[in-house]
There are 2 protein chains.
Amino acid sequence: MPGRSQRKFVAPLNQPPLADFKVGVDNVIFSVDTAQNRLLVLLVMRQQEPFLNHWSLPGTLVRQGESLEDAAYRILSEKIRAKNLYLEQLYTFGGPQRDPREASDSYGVRYLSVSYFALVRFEEAELIADRMTGIAWYPVKQVPQLAFDHNEILAYGHRRLRNKLEYSPVAFEVLPEMFTLNDLYQLYTTVLGENFSDYSNFRARLLKLGFLCDTGIKVSRGAGRPASLYRFDAEAFAPFKDKPLVFI
Amino acid sequence: MPGRSQRKFVAPLNQPPLADFKVGVDNVIFSVDTAQNRLLVLLVMRQQEPFLNHWSLPGTLVRQGESLEDAAYRILSEKIRAKNLYLEQLYTFGGPQRDPREASDSYGVRYLSVSYFALVRFEEAELIADRMTGIAWYPVKQVPQLAFDHNEILAYGHRRLRNKLEYSPVAFEVLPEMFTLNDLYQLYTTVLGENFSDYSNFRARLLKLGFLCDTGIKVSRGAGRPASLYRFDAEAFAPFKDKPLVFI
DNA sequence: GCAAAAGTGTTTAGAGTACACCCATGT
DNA sequence: ACATGGGTGTACTCTAAACACTTTTGC
């Protein structure tokens, strides 16, 4: 690497120049179709090269004056109208050659992707189908080959979702205001798999914790005894906040 | 935002231009001084503006052709010689105005920091004191005001370290090949605090899991009965890999 | 009445906790 | 011998897991 010289206080001697980056934000947006017990992820059809006409995670490049999180929310609001959602940063993928544009296009510009993970209520999330934009909820078990390294990002997001469910109350951000304990249980089983807990034990443990309050309202779903609607009490949950509590 | 026009397939109409980024990598490098029971973090004195002569996390800007992880390892190898280490990505901090250079310098270039978290063996980690570079292990309880948002990054890293210890075998990456159960216990107490577990219970639980093998070798540390040296058996640990096992 | 869904209770095995106590060494 | 740190065992509590059972609805 010797033989190159630069200005003294800008960069040390004999070192390759700094990379210039464009920064993208890609969102892994999950929702749970409680009716069909399926975990869904939002995919969009790319309208431009590279990977024209491939499915991909919804993403965008960060603009001037915009924070990473702003960009993540911007994508979300361009694709869906959702009242309640949970969003957090996932991981940053930034190896060279992860984006084909690096090779052809421009002068050594690198593309880096900061991925975000989001969870929205399926029933309230209204997809914004701007003219001829392919956009759809896909069952995570049936996602096709995606653009870039998006399959990898999705897998990472899925793992994070499972962990989050186990020790944080994200589920309540994504259920309606009032829900039955079975709704909650279904949500957990669709994300975590069938064998995570017996319903009656799940029920007992959760009720004992005391942050679910019975509204007294009953709903009937076809045959069978009507179920109570419960509400998540954020205040009663507060003591468990940020504790290593595993409540499932 | 209307009134601006661009080429049709490069950027959509009427939108502010993309931000250009330099990407930095900052490392939160921990080690545990088992002799004095202190958790240490590696800090360096900045040799240049901004924040000249302030302590900061060791960091660097990513160069052309270099992956993020490469950059993280490069910093590490410039500062310390360590045989064994654990490294993983932490979080990406990227709001505008997080770096003073954004305002003065250049043309709207943004500085984004991808932080990495590392754990090294204190005894084997040899600091590389290149001429007049301030570099030192600081007890995390006594770190001063740092440059940029590095105090925040450090706090984040500290939280991650505590979590990691509880459900993954990082401790063994940072202990010598052979160690006494007391060494291990001290490591946990210095990171997690005094009240996480009684020694004898800690001991019993860990031995029952069966991935620590007694080498039979005894070491004497002053007065008292000599302790057995144990070795971490990675194969025996394998079944617990990636499971939600909390073994402390 | 009977099936289906909701909700309650009981039994048991094992984990977590708090200790008390024995063991081997240096001085 | 006795202080010091290493190591073992026990008794008690609490939770997790499995599953049997009761209640309330639709048909």
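Here is how names work: the chains are called A, B, and so on, in the same order as the sequence lines, proteins then strands, and each is numbered from 1. These numbers come from a predicted model, not from an experiment.
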Item to check | Nearest-0.5 Å distance, CZ of residue A:Arg38 to OG1 of residue A:Thr190 | outcome: 11.0 Å

Checklist outcome for this item: Given protein heavy atoms under 4.0 Å, the one-letter contact record of nucleotides 15-27 of chain C, with B base, S sugar-phosphate only and - none, is simply SSBBB---BBBS-

Item to check | Working for side chain to side chain donor-acceptor pair (under 3.5 Å), residues B:Asn84 and B:Glu173 | outcome: CA-CA 6 Å; B:Asn84 293 284; B:Glu173 317 247 4; over 6 Å; no

Checklist entry - Parallel, tilted or perpendicular for A:Tyr199 and A:Tyr185, by the 30°/60° rule? => result perpendicular

Checklist entry - Closer than 4.0 Å, any side-chain N/O of A:Tyr199 to the OP1 or OP2 of C:dG7? => result yes

Checklist entry - Mind checking whether A:Phe232 and A:Phe211 have parallel, tilted or perpendicular rings, split at 30° and 60°? => result perpendicular

Item to check | DNA chain D: 5'-most and 3'-most nucleotides touching chain B, 4.0 angstrom heavy-atom criterion | outcome: D:dT4 to D:dG9

Checklist entry - If we only count heavy atoms from C-beta on, is the B:Val120 to B:Leu76 side-chain gap below 4.5 Å? => result yes

Item to check | Separation of atom CG in A:Leu206 from atom C1' in C:dG7, rounded to whole Å | outcome: 14 Å

Checklist entry - For A:Arg203 and C:dA5, what is the distance between atoms CZ and P respectively, to the nearest whole Å? => result 16 Å

Checklist entry - Have B:Asp198 and B:Ser200 got a donor and an acceptor in their side chains that come within less than 3.5 Å? => result yes

Item to check | Parallel, tilted or perpendicular, as decided by the 30° and 60° cut-offs, for the rings of B:His158 and B:Phe30 | outcome: tilted

Item to check | Pair A:Phe240 and A:Phe237, ring centroids less than 6.0 Å apart | outcome: yes

